[in-house]
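Some notes on the structure that comes next.
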There are 2 protein chains.
Amino acid sequence: MKSEKISELTTNRLSIYLRCLNELAAEGSKTVSSDNLAKRFHLNSAQIRKDLACFGEFGVRGVGYYVEDLRQQLTKILGLDHHHRVGIIGAGRLGTALTDYYGFRQTNFEVAALFDADREKIGTVVSDVKIYDVRDFAKIADRQGIDVAVIAVPAEYAQRVLEMIVASGIKAVMNFAPTPLLADEEIKLKTIDLTISLESLSYFLAGSGKNGKE
Amino acid sequence: MKSEKISELTTNRLSIYLRCLNELAAEGSKTVSSDNLAKRFHLNSAQIRKDLACFGEFGVRGVGYYVEDLRQQLTKILGLDHHHRVGIIGAGRLGTALTDYYGFRQTNFEVAALFDADREKIGTVVSDVKIYDVRDFAKIADRQGIDVAVIAVPAEYAQRVLEMIVASGIKAVMNFAPTPLLADEEIKLKTIDLTISLESLSYFLAGSGKNGKE
DNA sequence: ATGCATTCGTGACGTTTTTCACAAATTGGT
DNA sequence: ACCAATTTGTGAAAAACGTCACGAATGCAT
């Protein structure tokens, strides 16, 4: 166990390990070795051990990891034993699609409210979630206990929306607008930029398949 | 100019640079320095110069980069001067939301067809795009000239869908199913795993804001 | 009990990515 | 024509990340 700061690459992999452990637990496996885990994806077993070692000594030499135990540990480390309430800003196609994205429920996130500026939409309900006026964001976010915000508005509004979110005291933000946003250090901002991913495919196709890989 | 293999991190940044150059061009700027570009996001100017140097010497010492020229160069490098036709497998919430995601059009991608296994959906039209039977994928993909596939089905079907896509000869795939997929070397597979990103936020919140950053 | 097979935890090593720092090229003013 | 101010391109240094290899701990068979 080394309690230096943990890289995001490591925590991302923890998510993958946990998913696998959940499957193993469902299958009834009692223990699993790092080598075994590594083979499921094509990872290196030493990396898995190192990732886990950041948080404690969960394994038993000669045995491996106890599936159920490690599962619970990772669930706790990733904070998935806590419920989170999500507010989505932007009730367009993407925002509404996310509203009943089952990945949210699966990971203990609940979409509590949608926000939009369009008067036509305000007051209506999508998948049991009400659409509020974005101008009331701080008030509703507070009343609803929202602790995670999702930005699903056009790029040109994203920075302003982010500032509104931060001003309301929310610390975790997921951004789908295709633009890099500037935020204070104490905010966790995660940008999912589909355009970059698309252009990455485009680059690959332009190079006419000279290089492959993930 | 060094024509070794270029890392994905580099090409991803090219996308960001290009976006910025498009804005600068729209604003009427003639030239821009790497330092100037670097300040817009918070990147290092040397990195920008190195990224660009992978593809040629586009800058002029003492001046910077000619916005319009660099814009065209990057557009070409990223293959954005070519049109691509996209097939989306899975006509659920996500698949249909993606269908009129304007980022596609912006980047010269066009959603040509949707595919689903649900008989209720097959034959209907979403945002001018027809939903076909997924069992006819190879045939339709060929007929429609589809060269990019998007996987928007539940995780348990994703691997099988990928194999179907690969079998039909398509080389570029974007996967939204929250599971790592195995693909051959010659395929470009890009996985966008929202669950991992969510859990990353959860991890941050669990650590109660001890560390921030992007 | 002892030995053998297994598997973790980790220090050492190698690779990749980022940052630094400076020579070389260019412009504009005098 | 020269000097000062810029700003690129790039080798070298630093940092981050991944892999290897091995000592230490454990279980099982004899």
Side-chain angles (χ1 to χ4, degrees), chain A residues 1-14 16-17 20-21 24 29-67 69-71 73-74 77 180 196 200 211 213-214, chain B residues 1-17 20-21 24 29-67 69-70 73-74 77 180 196 200 211 213-214:
Chain A
M1 157 95 111
K2 41 173 76 169
S3 47
E4 296 155 41
K5 59 184 166 188
I6 282 112
S7 122
E8 176 131 0
L9 295 172
T10 295
T11 61
N12 286 351
R13 281 190 297 265
L14 291 190
I16 296 176
Y17 304 155
C20 190
L21 287 164
L24 287 168
S29 303
K30 285 295 189 187
T31 65
V32 66
S33 69
S34 59
D35 208 51
N36 198 318
L37 268 177
K39 273 168 195 147
R40 304 225 161 198
F41 337 101
H42 23 180
L43 280 175
N44 182 293
S45 66
Q47 181 159 69
I48 295 179
R49 293 197 298 276
K50 270 215 165 135
D51 285 340
L52 296 175
C54 291
F55 299 94
E57 300 204 359
F58 303 128
V60 180
R61 294 170 193 216
V63 179
Y65 298 91
Y66 290 104
V67 172
D69 174 51
L70 187 55
R71 204 177 71 77
Q73 297 275 7
L74 289 186
I77 290 165
I196 289 176
S200 167
N211 47 357
K213 294 198 173 184
E214 154 72 338
Chain B
M1 158 97 110
K2 43 172 76 170
S3 48
E4 296 155 43
K5 58 185 167 190
I6 282 112
S7 118
E8 176 129 1
L9 295 171
T10 295
T11 61
N12 285 351
R13 282 191 297 266
L14 291 190
S15 290
I16 296 176
Y17 306 154
C20 192
L21 287 165
L24 286 169
S29 302
K30 284 296 189 185
T31 65
V32 66
S33 70
S34 60
D35 207 52
N36 197 320
L37 269 177
K39 273 169 193 146
R40 303 226 163 196
F41 340 101
H42 22 178
L43 280 176
N44 182 293
S45 66
Q47 181 158 69
I48 295 178
R49 293 197 298 276
K50 273 223 161 127
D51 285 341
L52 296 176
C54 292
F55 299 94
E57 301 204 358
F58 302 128
V60 179
R61 297 172 190 213
V63 178
Y65 298 90
Y66 290 104
V67 171
D69 175 51
L70 187 56
Q73 297 277 5
L74 290 186
I77 289 165
I196 289 177
S200 167
N211 47 355
K213 294 200 177 182
E214 154 73 340

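All values below come from the heavy atoms of this structure, side chains included, with hydrogens, waters and symmetry mates left out. Chain A is the first sequence line, chain B the second, and so forth, proteins listed ahead of strands; every chain is numbered from 1. Not measured: the values here are computed from a predicted model.
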Write down the distance between [atom1] ([X]) and [atom2] ([N]), rounded to a whole number of angstrom.
| X | N | atom1 | atom2 | result |
| --- | --- | --- | --- | --- |
| Asn12(A) | dG18(D) | CG | C1' | 16 Å |
| Asn36(B) | dT7(D) | CG | C1' | 12 Å |
| Phe58(A) | dA25(D) | CZ | P | 19 Å |
| Asp51(A) | dG18(D) | CG | C1' | 10 Å |
| Lys30(A) | dT6(C) | NZ | P | 23 Å |
| Leu43(A) | dC17(D) | CG | C1' | 13 Å |
| Gln47(A) | dT10(C) | CD | P | 16 Å |
| Ile48(A) | dC17(D) | CD1 | P | 18 Å |

Over all strands shown, is [X] touching base, sugar-phosphate only, or nothing at heavy-atom distances under 4.0 angstrom?
| X | result |
| --- | --- |
| Ser7(A) | sugar-phosphate |
| Leu9(B) | sugar-phosphate |
| Ser34(A) | sugar-phosphate |

**Report entry** Presence of Arg13(A) side-chain N/O under 4.0 Å of dG18(D) phosphate oxygens OP1/OP2
**Finding:** yes
Query raised in the report: Along nucleotides 22-30 of chain C, 5' to 3', which nucleotides get a B, which get an S, and which get a -, given that the test is a protein heavy-atom distance under 4.0 Å?
Result: --BBBS---
Report task. Select one nucleotide: of dT10(C), dT10(D), dT7(D), the one nearest the side-chain heavy atoms of Ala46(B). Result -> dT10(D)
Could you pull out the protein-nucleic contacts involving nucleotides 12-15 of chain D (nitrogen or oxygen on both sides, under 3.5 Å)?
from    : atom 1 : to       : atom 2 : distance (Å)
dA12(D) : N6     : Lys50(B) : NZ     : 3.0

**Report entry** CZ (Phe58(B)) with more than 12 external heavy atoms under 6.0 Å
**Finding:** yes
Query raised in the report: Between atom OH of Tyr17(A) and atom CG of Leu52(A), what is the distance when rounded to the nearest 0.5 Å?
Result: 6.5 Å
Query - Residues that Ser200(A) engages under side-chain contact (heavy atoms from CB on, under 4.5 Å), provided they are two or more places apart - result: Glu8(B), Asn12(B), Lys188(B), Lys190(B)
